Amino acid sequence: MDNKRTMNFGAGPAKLPQPVLLAAQKELLDYNGIGISVLEMSHRSSDFTKILKAAESLLRELLEIPDNYKVMFLQGGGTGQFSAVPLNLIGLKEDRCADYLVTGTWSSKAAKEAEKYGKVNIVHPKLDSYTKVPDPSSWSLNPSASYVYYCCNETVHGVEFNFVPDTKGVVLVSDMSSNFLSRPVDVSKFGLIFAGAQKNVGCAGVTVVIVREDLLGKTLKECPVVLDYQVQAGNNSLYNTPPCFRCGGTAAMERLSKEKSGMIYDLINQSNGFYKDGDEALEKKFLDGASKLGMISLKGHRSVGGIRVSLYNAVTVEETQALADYMTEFLKEHQ
Ligand code: PLP
């Protein structure tokens, strides 16, 4: 049945697995025999409490989250966290300084937001374009920074960290919105991890925040209460009405992720530059042809153009193969 659906390679909100959608469809009429859906039930009810607890314990199991970390499901998206992170953490040290690695659109936006609340140090030399992670030997980390921030996978520019930055003991914060749960992560290396759910784990509206307990309580006075981690953690994410819709081992996801991205990257690298050199007319032809085959959302982000393929967890190997086959045919026809 899944094969008959449109193949969605979009960057988010992204494809959801068919079994999740079918279960959600059924549960929209009647959740667990109680006669109403999760969208209609009180967030204080025992049924919703069970859903929330199950989601948290599943996440703890998948990422092996240590007990001294709080897990929260919040509103406000990744963008909300661009503000929440400095509002909650920049006061950890008196200087109110934070180090930012800026490797693309999203970390750049996060750094700009943090400048409202303290001093921001961009740790590497200025970049002309966002194509790779600057060599760690060029970074100048500030040992008195309250935290070091980076975006683990820059969704617009495609720059992904394949290592965890060594911050020499300074608290590490990561935006993992677009590669969350696509591979195992040693949570204990981080002070805070956040991820919008709409790419790999669920639907837009839920943002997962995992934070080490000892970092709570240094929130700036001006922090809106809904963004205050201590308040939200103290209320088990239920200080106000939470986003109530269902969310769905990381090692298997990593293997699949590598297999899928290998299929597309190998083809790009073997295309003698065909899939690297921009050509707007050909791109349009490529997108039209893909759409006729039921493949959508392959257009690059409006700020950079080109073609973009997002291979989040719910995109199957078969769908990736179908795209690779189409790319091979297109190359033969147009090279
Ligand atoms: N961070 C990353 C890495 C993203 O890809 C995005 C959105 O695509 C965001 C943050 C912003 O998320 P939101 O739209 O949920 O605010």
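Just so it is clear, the model here is predicted, and its values are computed rather than measured. Each ligand, and each atom within it, is numbered from 1 in the order the structure gives.
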N or O contacts of ligand 1 with protein under 3.5 Å, please list pair by pair.
| unit_1 | atom_1 | unit_2 | atom_2 | d |
| --- | --- | --- | --- | --- |
| ligand 1 | 1 (N) | Asp175 | OD2 | 2.6 |
| ligand 1 | 5 (O) | Trp106 | NE1 | 3.3 |
| ligand 1 | 5 (O) | Thr155 | OG1 | 2.4 |
| ligand 1 | 8 (O) | Lys199 | NZ | 2.9 |
| ligand 1 | 15 (O) | Gly78 | N | 3.0 |
| ligand 1 | 15 (O) | Gln198 | NE2 | 2.9 |
| ligand 1 | 16 (O) | Gly78 | N | 3.3 |
| ligand 1 | 16 (O) | Thr79 | N | 2.8 |
| ligand 1 | 16 (O) | Thr79 | OG1 | 2.5 |

Report task. Just say parallel, tilted or perpendicular for the rings of Phe330 and Phe274, cut-offs at 30° and 60°. Result -> tilted

Query raised in the report: Taking the six-membered ring for Trp, are Tyr149 and Phe82 parallel (under 30°), tilted (30 to 60°) or perpendicular (over 60°)?
Result: perpendicular

**Report entry** Backbone of Val102 reached by a side-chain donor or acceptor of His124 within 3.5 Å
**Finding:**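 Pair found, side chain donor or acceptor close to backbone of Val102.
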
Query raised in the report: Does Leu39 belong to the same Ile/Leu/Val/Met/Phe/Trp/Tyr cluster as Val206, with side-chain heavy atoms less than 4.5 Å apart forming each link?
Result: yes

Query raised in the report: Which residue pairs pass the salt bridge (charged side-chain N to carboxylate O under 4.0 Å, His left out) test when at least one of the two sits in residues 196-217, sequence neighbours left out?
Result: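 Qualifying pairs: Lys70-Glu213, Arg212-Asp214.
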
Report task. Could you grab the distance from atom CG of Asn200 to atom NZ of Lys15, nearest 0.5 Å is fine? Result -> 12.5 Å

